[in-house]
Amino acid sequence: RCVQTAAKLLEGLQLQTKLKRTTDIFIEFVNKFRTTNNPINNINYKIGTRYTNRELMELAVLEMRRSIPDPNRKDNKPNPKVGAVIATKDGVLIGQSHRGELRIGDHAEFTAIERHHRGTKLDGYQIFATLEPCAPGARNHPKLSCAERITNARIGKVFIGAIDPD
């Protein structure tokens with residue numbers, strides 16, 4: 001029993017280390033965008049144009065930088081900056097959004113799926129989010145989590161820039 005417990009702890013530790021490394025790599029990636037002479041800041045992304053997965057995540061990072069914080073948050077925690085991009089399975093850009101884009105407090109994934117593409121069939125499409133979408137139970141009833149919205153929209157693939165530590 002002790003050996004099994006130790007094995008589970010080690011496995012959990014290895015996963016945490018892997019997640020931390022992944023998050024560190026993503027933060028390093030985001031920091032590269034902070035330089036004004038970075039050529040990616042000068043790309044003019046266009047709806048209907050095909051991009052690589054990397055370019056679509058880079059666009060999500062650019063969107064993330066436009067996030068609007070919620071000044072009325074009751075727990076005084078800072079709002080995470082989040083960007084989301086929706087593309088076809090072939091990488092054709094359909095749309096992008098950021099936190100608080102249309103209404104303060106609205107999540108980027110919610111805005112992209114429910115506000116910008118409410119009547120669009122997103123079956124098999126891809127979403128690129130800079131932060132892991134909120135999980136079931138994270139939102140107050142009757143709100144759905146972003147993960148549930150992504151599932152309900154039948155999006156085929158989710159690319160995440162960083163795991164949410166919350």
Side-chain angles (χ1 to χ4, degrees), residues 15-16 18-49 51 53-87 93-120 122 125-155 157-166:
L15 180 61
Q16 285 178 345
K18 193 175 191 180
L19 290 176
K20 183 175 179 346
R21 271 187 292 203
T22 304
T23 304
D24 290 344
I25 290 167
F26 183 69
I27 289 169
E28 181 182 317
F29 176 75
V30 169
N31 286 336
K32 287 181 182 176
F33 280 80
R34 295 196 177 164
T35 59
T36 53
N37 61 354
N38 188 328
I40 198 68
N41 291 328
N42 300 323
I43 291 178
N44 188 13
Y45 289 93
K46 293 186 177 127
I47 301 291
T49 304
Y51 297 99
N53 289 345
R54 181 182 175 100
E55 289 170 326
L56 291 165
M57 185 54 87
E58 288 171 348
L59 175 57
V61 171
L62 292 174
E63 273 299 311
M64 172 191 77
R65 293 170 62 195
R66 300 174 62 204
S67 290
I68 300 166
D70 181 358
N72 301 322
R73 193 164 170 159
K74 293 178 178 126
D75 61 6
N76 292 324
K77 285 181 167 178
N79 292 113
K81 292 185 174 199
V82 181
V85 170
I86 296 179
L93 177 62
I94 302 302
Q96 72 266 7
S97 64
H98 56 272
R99 182 183 182 92
E101 178 180 348
L102 299 179
R103 191 173 67 188
I104 296 296
D106 280 355
H107 292 196
E109 303 92 335
F110 166 77
T111 302
I113 294 168
E114 298 292 334
R115 299 273 189 222
H116 293 316
H117 300 288
R118 187 167 198 73
T120 308
L122 301 174
Y125 282 23
Q126 306 176 96
I127 190 163
F128 296 78
T130 57
L131 184 66
E132 175 187 16
C134 64
R139 308 286 291 167
N140 293 329
H141 183 71
K143 292 181 181 178
L144 291 177
S145 70
C146 292
E148 290 170 308
R149 289 182 190 284
I150 289 167
T151 303
N152 291 346
R154 304 183 75 156
I155 289 175
K157 225 180 221 183
V158 181
F159 292 86
I160 300 169
I163 302 296
D164 189 352
D166 257 346

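Treat the numbers as computed from the prediction; the structure is a model and nothing was measured.
- Heavy-atom minimum distance, Ile68 versus Gly100: CD1-O, 3.4 Å.
- Paired with Gln96 under the rule side chain to side chain contact (heavy atoms under 4.5 Å, CB included), one option of Ile86, Ile47, Leu56, Thr111 passes, and it is Ile47.
- Tyr125 places no side-chain N or O within donor-acceptor distance of the main-chain N or O of Arg154, the cut-off being under 3.5 Å.
- Here the options are Arg99, Glu101, Arg115, the test is side chain to side chain contact (heavy atoms under 4.5 Å, CB included), and the partner is Phe110; only Arg115 passes.
- Using modelled atom types, one side-chain atom of Thr130 and one backbone atom of Gly83 make a donor-acceptor pair closer than 3.5 Å.
- In this structure, Phe128 and Phe159 have parallel ring planes: the angle between them is below the 30° cut-off, well short of the 60° mark.
- Among all heavy-atom pairs drawn from Pro133 and Val158, the shortest one is CG-CG1, 4.4 Å.
- If you take CD1 on Ile160 and CD on Glu132, they are separated by 5.0 Å, rounding to the nearest 0.5 Å.
- Residues Ser145 and Ala135 approach most closely at CB-O, 3.2 Å, considering heavy atoms.
- Ile113 places a side-chain heavy atom less than 4.5 Å from the side chain of Ile127.
- With respect to Arg149, the side chain to side chain contact (heavy atoms under 4.5 Å, CB included) criterion is satisfied by exactly one of Glu114, Glu109, His107: Glu114.
- When all heavy atoms of Pro69 and Ser67 are compared, the closest pair comes out as CD-O, 3.9 Å.
- Here the side chains of Leu131 and Asp164 are in contact, with some heavy-atom distance below 4.5 Å.
- Within the 3.5 Å criterion, the main-chain N or O of Asp70 finds a donor-acceptor partner in the side chain of Asn79.
- Between the side chain of Glu63 and the main chain of Ala84, no donor-acceptor pair closer than 3.5 Å is present.
- Between Tyr45 and Leu62, some side-chain heavy-atom pair lies under the 4.5 Å cut-off.
- What you find for Cys146 and Cys134 is that their closest heavy atoms are N-SG, 3.1 Å.
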